[in-house]
Amino acid sequence: MYEWLIGDDKLSPAQAAAVYYGDVVDSLPPHARVLDCACGTGQLAVGLASIGLDVVAADASDGMVRRTEELASEQGVSLRALRASWDELPVHLEDSTFDLVFCVGNSLGHAEGAAGRLTALEAMSRLLSRGGRLVLTSRNWELVRSAGSRVDVRDRLIRRNDRDAVVSYYWHIEQHWEQEHFLEIVVAQIEPDRAVRACSERLSIWPFRYEDLVAELGSVGLRVETTTFDPATDGYLVVAGRCAS
C-alpha cells in the first residue's frame with residue numbers, strides 16, 4: 001500500500017533524491033558515504049545511489065529491505081541494503097564513517113517514546129564523520145495533537161499505475177504526549193469494474209515537540225544548522241551537524 005502514500009514529487013528515485021538536493025547534498029564529495037535509515041521502499045536511497053553516492057539503506061522491516069534491493073536492481077544501481085533497527089545500526093556499521101545520514105518520512109515518530117528517540121539519535125550521531133550531517137523530517141506533532149482524534153480523508157483521488165484510490169487517515173490522539181498514539185491508514189482502491197477494495201495498516205506513534213527534538217539532538221552531540229520548522233505548517237526538515245569534540 002505504500003506507493004499510495006508517496007507524494008507525487010517523490011514517485012521516482014530521481015524525484016525523491018531531488019527533494020533533498022541543495023547545499024546538503026550538492027556539497028558532498030564524489031562517492032561520499034550516505035546512510036538512509038528507515039529507508040522504506042528505497043526511493044530516496046536508490047535515487048542517491050544513482051548520482052554516484054556510496055549508499056547504505058537500512059530498515060527494520062525485511063519486506064522494505066527486499067523492496068529496496070528490487071528497486072536498486074530495476075534501476076541498475078549498487079547499494080547495500082541492511083535489515084536493522086536504529087539501535088542495531090552501530091552493530092553493523094562503523095562509527096564516524098558517514099558523511100550524511102537521512103532519517104526522513106516522519107519515521108522518528110515510530111521510535112518508542114523519549115528513550116527510543118534518544119537511542120535512535122545516538123546511533124545516527126555515532127555513525128556520522130566529523131563534519132557529517134543528519135537530515136531529518138517530521139510532522140508538526142504540535143498541530144497533529146491540537147486537532148484531536150479524527151478521520152482525515154484526502155481531498156482528491158490518488159493515481160498510481162493507472163489505478164485510482166482514496167486515502168484516509170484515522171488519528172487516535174491520547175491525552176498526554178508520552179502515551180502511545182495510533183494512526184490507521186486506509187487505502188480504498190477503485191478496481192476497473194468500479195468495485196472498491198480496501199486495505200489498512202495501523203501504526204504506533206510517539207509524538208514529540210520540536211523543542212524537545214532540538215534538545216535531544218544536542219544531547220547526542222548534534223547541533224541544528226538549518227530548520228524549516230514553523231508552528232503553523234504541517235511538517236518540517238532539520239539539518240543537524242555533528243558538534244566538534
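Computation of the quantities below employed the complete heavy-atom set of this structure, encompassing side-chain atoms and omitting hydrogens, waters and symmetry-equivalent molecules.
- In the hydrophobic cluster analysis, where Ile, Leu, Val, Met, Phe, Trp and Tyr join through side-chain heavy atoms closer than 4.5 angstrom, Ile190 is grouped apart from Val167.
- Nearest heavy-atom pair across Ile205 and Trp141 is CG2-CH2, 3.4 Å.
- Side-chain contact between Val46 and Leu44 is absent, with no heavy atoms from C-beta onward closer than 4.5 Å.
- Checked by atom type and distance alone, the side chain of Asp59 pairs as donor or acceptor with a backbone atom of Cys39 at under 3.5 Å.
- In this structure, the side chain of Asn106 engages the main chain of Arg139 through a donor-acceptor pair within 3.5 Å.
- The CG atom of Leu136 sits 7.0 Å away from atom CG of Leu217, with the distance rounded to the nearest 0.5 Å.
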message = If you apply the rule side chain to side chain contact (heavy atoms under 4.5 Å, CB included), what do you find for Leu237 with Thr227, and how did you get there?
response = CA-CA 6 Å; Leu237 179 146; Thr227 178; over 6 Å; no

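- At most 12 non-hydrogen atoms from other residues, nucleotides or ligands lie less than 6.0 angstrom from CD of Glu94.
- For the pair Gly113 and Trp206, the tightest heavy-atom approach, listed with the atom from each and the gap, is N-CG, 3.3 Å.
- Of all non-hydrogen atoms in Leu71 and Pro13, the two that sit nearest each other are CD2-CG, 4.0 Å.
- Summarising the geometry, atom CZ belonging to Arg126 is positioned 10.0 Å from atom CG belonging to Leu89; distances are rounded to the nearest 0.5 Å.
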task = Before giving the answer on side chain to side chain contact (heavy atoms under 4.5 Å, CB included), spell out for Leu134 and Val239 the whole-Å C-alpha distance, their side-chain angles and the decisive distance to 0.1 Å.
result = CA-CA 6 Å; Leu134 169 66; Val239 178; over 6 Å; no

query = Between Arg83 and Ser61, does a side-chain hydrogen bond (donor to acceptor under 3.5 Å, both in side chains) hold up when you go through it step by step?
reply = CA-CA 6 Å; Arg83 198 220 67 78; Ser61 164; over 6 Å; no

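- The main-chain N or O of Arg163 is never found under 3.5 Å from a side-chain atom of Asn161 such that the two would form a donor-acceptor pair.
- Listed for the Thr68 side chain is a donor-acceptor partner under 3.5 Å among the backbone atoms of Met64.
- Taking the side chain as every heavy atom from C-beta outward, Glu174 and Glu180 never approach each other to under 4.5 Å.
- Not one N or O on the side chain of Ser85 forms a donor-acceptor pair closer than 3.5 Å with the backbone of Ala60.
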request  = Mind running side-chain hydrogen bond (donor to acceptor under 3.5 Å, both in side chains) on Arg33 and Thr97 for me, showing each step along the way?
outcome  = CA-CA 7 Å; Arg33 198 157 190 242; Thr97 56; 3.0 Å; yes

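- One distance of note links CG of Leu118 with OG of Ser125; it measures 11.5 Å at 0.5 Å rounding.
- Under the 4.5 Å side-chain contact rule for hydrophobic residues, Val91 and Phe98 do not share a cluster.
- Considering only heavy atoms from C-beta on, Trp177 comes within 4.5 Å of Glu142 through its side chain.
- Each of Tyr169 and Leu143 belongs to its own hydrophobic cluster when Ile, Leu, Val, Met, Phe, Trp and Tyr are linked at side-chain heavy-atom distances under 4.5 angstrom.
- The backbone N or O of Ser12 lies less than 3.5 Å from a partner atom in the side chain of Gln15, making a donor-acceptor pair.
- No side-chain donor-acceptor contact under 3.5 Å links Thr228 to the backbone of Tyr236.
- Tested against His181 for a side chain to side chain donor-acceptor pair (under 3.5 Å), the candidates His176, Arg145, His172 yield a single pass: Arg145.
- Heavy atoms of other residues, nucleotides or ligands lying less than 6.0 angstrom from CG of Asp193 number more than 12.
- In this structure, Arg150 forms no cation-pi arrangement with Tyr170, as its terminal cationic atom is not both closer than 6.0 Å to the ring centre and no more than 45° off the ring axis.
- Atom CG of Leu157 is separated from atom CG of Asp164 by 5.0 Å, given to the nearest 0.5 angstrom.
- Here the options are Glu122, Glu216, His110, the test is side chain to side chain donor-acceptor pair (under 3.5 Å), and the partner is Arg117; only Glu216 passes.
- Distance check, rounded to the nearest 0.5 Å: SG of Cys199 to CD of Glu201 gives 9.0 Å.
- Residue Glu112 places its CD atom among 12 or fewer non-hydrogen atoms of other residues, nucleotides or ligands, all under 6.0 Å distant.
- For the pair Ala17 and Gly47, the tightest heavy-atom approach, listed with the atom from each and the gap, is CB-C, 3.6 Å.
- The two atoms that bring Val55 and Ala49 nearest to each other are CG2-N, 3.6 Å, heavy atoms only.
- Note: the hydrophobic cluster containing Val25 also contains Leu79 (ILVMFWY, side chain heavy atoms under 4.5 Å, direct or indirect links).
- Distance check, rounded to the nearest 0.5 Å: CZ of Phe182 to OG of Ser204 gives 4.5 Å.
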key: Candidate pair Glu225 and Arg133, rule salt bridge (Lys or Arg N to Asp or Glu O under 4.0 Å), full reasoning   = CA-CA 9 Å; Glu225 296 181 354; Arg133 292 171 173 172; 3.0 Å; yes

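- The minimum heavy-atom distance between Cys37 and Trp86, with the atom names listed, is SG-NE1, 3.8 Å.
- Taking 4.5 Å as the limit, some side-chain heavy atom of Phe102 sits within range of a side-chain heavy atom of Leu48.
- Side-chain contact between Leu35 and Leu93: present, with at least one pair of heavy atoms (C-beta onward) separated by less than 4.5 Å.
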message = Is there a side chain to side chain contact (heavy atoms under 4.5 Å, CB included) between Val238 and Tyr210? Walk through the geometry before answering.
response = CA-CA 10 Å; Val238 169; Tyr210 173 73; 4.0 Å; yes

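- Between Val135 and Val101, the closest side-chain pair of non-hydrogen atoms is not below 4.5 Å.
- Using a 4.5 Å cut-off on side-chain heavy atoms (C-beta onward), Leu28 and Leu53 make contact.
- Note on Phe229 and Val214: same hydrophobic cluster, where clusters join Ile, Leu, Val, Met, Phe, Trp and Tyr whose side-chain heavy atoms are under 4.5 Å apart, directly or indirectly.
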request  = Could you please spell out the steps behind the side chain to side chain contact (heavy atoms under 4.5 Å, CB included) verdict for Leu213 and Leu121?
outcome  = CA-CA 10 Å; Leu213 173 63; Leu121 294 170; 4.3 Å; yes

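- Residues Ser73 and Glu70 fail the side-chain proximity criterion, which asks for heavy atoms closer than 4.5 Å.
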